[in-house]
Amino acid sequence: MSYWLMKSEPDEFSIDDLARAPGKSTPWFGVRNYQARNYMRDAMRVGDGVLFYHSSCAVPGIAGIAKVASAAHPDETQFDRKSPYFDPKSSRDSPRWELVDVKLVKKTRLLSLEELRGHPDISDMVVLRRGNRLSITPVTPGEWKFVTELLARDAR
DNA sequence: GCCAACGTTGGC
DNA sequence: GCCAACGTTGGC
């Protein structure tokens, strides 16, 4: 079992959108970065833990807990000419972009980026590193434990 | 809107 | 394969 942090812009797809989605599950569409794709295609397994992160918004941070809910499969938006994620260089025969489905476990309070930076225990998190732009980053078991226990404590 | 950081593209 | 130019991300 592995752990991940996945960024989404809430204006496009928020934790509430995930909660409203059929089965509280969604294909993680729109990733157009090879490293992030490779994590989904090659490294993720059904049941892996996901920290759902809101980026490019007023208060960026972790907004909920989710889990990987499918094996990798092609991102349909790459074939859709009307989609902003359309990729003319991809084809049905050899799809360039793959994704996994992500299912909500629970919405949490917003654990802001600012607050994350204030905890020395998780100061090495990839998402906190200077210049980090990757939309999917690995989370260590220790980081996962710290963050989920922090959120569980606050939920009581 | 700014801009640091970094990924991608394409000429050579 | 190098690397300059360009595009994107994302916090601020």
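Every chain is numbered from 1, with letters handed out A, B, ... down the list of sequences.
- For A:Thr140, the side chain to side chain contact (heavy atoms under 4.5 Å, CB included) criterion is met by A:Glu143, not counting sequence neighbours.
- Counting only residues at least two apart or in different chains, salt bridge (Lys or Arg N to Asp or Glu O under 4.0 Å) contacts with residues 4-19 of chain A comprise A:Asp16-A:Lys107, A:Asp17-A:Arg20.
- A:Ser123 is linked by a side-chain hydrogen bond (donor to acceptor under 3.5 Å, both in side chains) to nothing, counting only residues two or more places apart in sequence or in another chain.
- Among pairs with a residue in residues 115-144 of chain A, those fulfilling ring-ring contact (aromatic ring centres under 6.0 Å, His included) read A:Tyr3-A:Trp144, A:His119-A:Phe146, at least two apart in sequence or across chains.
- Listed by first and then second residue, the ring-ring contact (aromatic ring centres under 6.0 Å, His included) pairs involving residues 57-77 of chain A amount to none (not counting sequence neighbours).
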Detail all sub-3.5 Å separations between protein N/O atoms and N/O atoms belonging to nucleotides 8-12 of chain C.
unit_1 : atom_1 : unit_2   : atom_2 : d
C:dT8  : O2     : A:Arg133 : NH1    : 2.4
C:dT9  : O3'    : A:Arg133 : O      : 3.2
C:dG10 : OP1    : A:Lys7   : NZ     : 2.8
C:dG10 : OP1    : A:Arg133 : O      : 2.7
C:dG11 : OP1    : A:Tyr53  : OH     : 2.9
C:dG11 : OP2    : A:Ser56  : N      : 2.9

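- When the ring pair (Phe, Tyr, Trp, His ring centres under 6.0 Å) test is applied to A:Tyr53, no partner is found at least two apart in sequence or on another chain.
- With sequence neighbours left out, A:Phe79 forms a ring pair (Phe, Tyr, Trp, His ring centres under 6.0 Å) with no residue at all.
- Listed in residue order, the members of residues 30-38 of chain A having a heavy atom less than 4.0 Å from DNA chain B are A:Asn33, A:Tyr34.
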